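Below you'll find the structure, written out as structure tokens, and then a few comments.
Every chain is numbered from 1 and lettered A, B, ... according to where its sequence line falls, protein lines coming before strand lines. If you're wondering where the values come from, they're calculated on a predicted model, not measured in any experiment.
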There are 2 protein chains.
Amino acid sequence: MTTEERVREAAVRLFAERGFHGTGIRDLAQAAGLSSATLYHYMGTKEDLLVGIMRTSLTELITAAEAIAGSTPDETDRLVSLVEMHVRAHAGKPRETAVVDGEMRALTGERRAEVVALRDRYEQIWQDAIADGVNAGKLHVAEPSVARLALLEMCSGVSRWYSPDGPLGLRDLTIQYGAMALGMLGAAR
Amino acid sequence: MTTEERVREAAVRLFAERGFHGTGIRDLAQAAGLSSATLYHYMGTKEDLLVGIMRTSLTELITAAEAIAGSTPDETDRLVSLVEMHVRAHAGKPRETAVVDGEMRALTGERRAEVVALRDRYEQIWQDAIADGVNAGKLHVAEPSVARLALLEMCSGVSRWYSPDGPLGLRDLTIQYGAMALGMLGAAR
DNA sequence: CCCCTTCGATCGATCGATCGATCGGGCCCC
DNA sequence: GGGGCCCGATCGATCGATCGATCGAAGGGG
């Protein structure tokens, strides 16, 4: 593993545990096994580090979601696949996703606009999937936007409590979330 | 409105917008219309302020939840009432609840333990409500704990996006969330 | 009615500590 | 001996918190 990767890994862990503003440069350096001065040999500003983490995580989510959307004709299957992918990502990389979901406000200006645009692009895929399901008569929701927000909050919340060392396996988790998603979206049983 | 209330109001707004560590004493003072020195005439430490906000908000939630649990014999009605109350609270006081949900990590030691205990007590009411519904054969979930976490994350997420000035009214919102909650918990239709 | 005491409220100035970030120079391997 | 890699020392700024001093209103004894 390169030093740069070690820095990013430390940043992900600390940002997730203490928050962006709660993490100091010296904390990052110590966690990465470097001096605070050396740290700057491998990164730009602290904010650059945060943007990089968010960009990587969101890009992966978008890529996976677009692949599902483009290869799953059945509207119900598409939604379930999106839920399973999202939950798997949030359970498998809880720290990365928690940072993406929780530290957006630490960004300002263009950086923030860029990351928000990525997030909006990802959520649009979900919005379309729900709308398609409703139009096909397979889902029944009062308001697609509200359903999208509720569904995404439910699935993203996994990163706030799931532990891979706990009794619940990743497979079980995704299956249960798929079932709950279909239920809350009024899918035919 | 007393000065103390104005301080707390400013703190709630800033903590919600920028986070606890992202809010400085001078920011708080300016928002409350005081000097940073005068601020300390009306509060203890910055952490005291945060604990006070969390304690108030969580206590109100617990009181409301216990009232519902003690006065709603039907298991399905009980769950729907809890959802409606929770959503109403998160939509009506999005900043307070966002601080409770998102700044727990800023606390340490006993203060943290106290607030976590309050949160656990609140979540236990939900856990019991779900378990009762399952035992009565009115709800059907694979794992009550997972359902509780998913449901609470979904409902709490409201504070992260709802705006009282938007097109969606509070009544519509709670009704939709009640329906989605019943769906994801496998309630008989 | 006036003076004197008391007290809550307020603030400018400042504390030591830590913040994010930078610099010059040393080390080591090719 | 030149170039990546690394760090001790330090920068100006800001952090949370405290200090002594001042203000005006309230209260009471003569």
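Residue B:His41 has no polar side-chain atom (N or O) positioned under 4.0 Å from OP1 or OP2 of C:dT10. Remark: B:Tyr42 is in phosphate contact with C:dT10, judged by side-chain N or O atoms under 4.0 Å from OP1 or OP2. Proximity of B:Thr38 to the phosphate of C:dA9: no side-chain N or O atom is located under 4.0 Å from OP1 or OP2.
Residues A:Leu28 and A:Val7 are not in side-chain contact: their nearest non-hydrogen atoms beyond the backbone lie 4.5 Å or more apart.
Across all strands shown, C:dC23 pairs with D:dG8; the Watson-Crick or G-U wobble distances both stay below 3.5 Å. Of all nucleotides present, only D:dA25 satisfies the Watson-Crick or G-U wobble test against C:dT6, with each distance under 3.5 Å.
Between B:Arg26 atom CZ and C:dG12 atom P the separation is 13 Å, expressed in whole Å. Taking atom CE on A:Met43 and atom C1' on C:dA21, their separation rounds to 9 Å, with Å as the unit. Between A:Leu14 atom CG and C:dG20 atom P the separation is 12 Å, expressed in whole Å. In this structure, CG of A:Asp27 is placed 6 Å from P of C:dC19, rounded to the nearest angstrom. Between the P atom of D:dG16 and the OH atom of B:Tyr40 lies a distance of 7 Å, rounded to the nearest Å. To the nearest angstrom, P of D:dC15 lies 11 Å from CG of B:Leu28. As a whole-Å value, the separation of B:Gln30 CD from D:dT14 C1' is 15 Å. Atom CG in A:Leu49 sits about 10 Å away from atom P in C:dA21, given to the nearest Å.
The aromatic rings of A:His86 and A:Tyr122 lie parallel to each other, with less than 30° between the two planes, well short of the 60° mark.
Closest to the side chain of B:Ala37, out of C:dC23, C:dG12, D:dA17, is C:dG12. Of the candidates C:dC11, D:dG16, C:dG20, D:dG16 carries the atom nearest the B:Ile25 side chain, counting heavy atoms from C-beta on.
Taking a cutoff of 4.0 Å between a charged side-chain nitrogen and a carboxylate oxygen, B:Arg111 and B:Asp48 qualify as a salt bridge. Look at B:Arg121 and B:Glu66 and you find a salt bridge, because one of the NZ, NE, NH1 or NH2 atoms lies within 4.0 Å of a carboxylate O, short of that distance.
The residue B:Ser36 sits close to a base: some heavy atom pair falls under 4.0 Å.
With hydrogens and angles ignored, the 3.5 Å screen pairs no side-chain donor or acceptor of A:Asp172 with any backbone N or O of A:Leu168.
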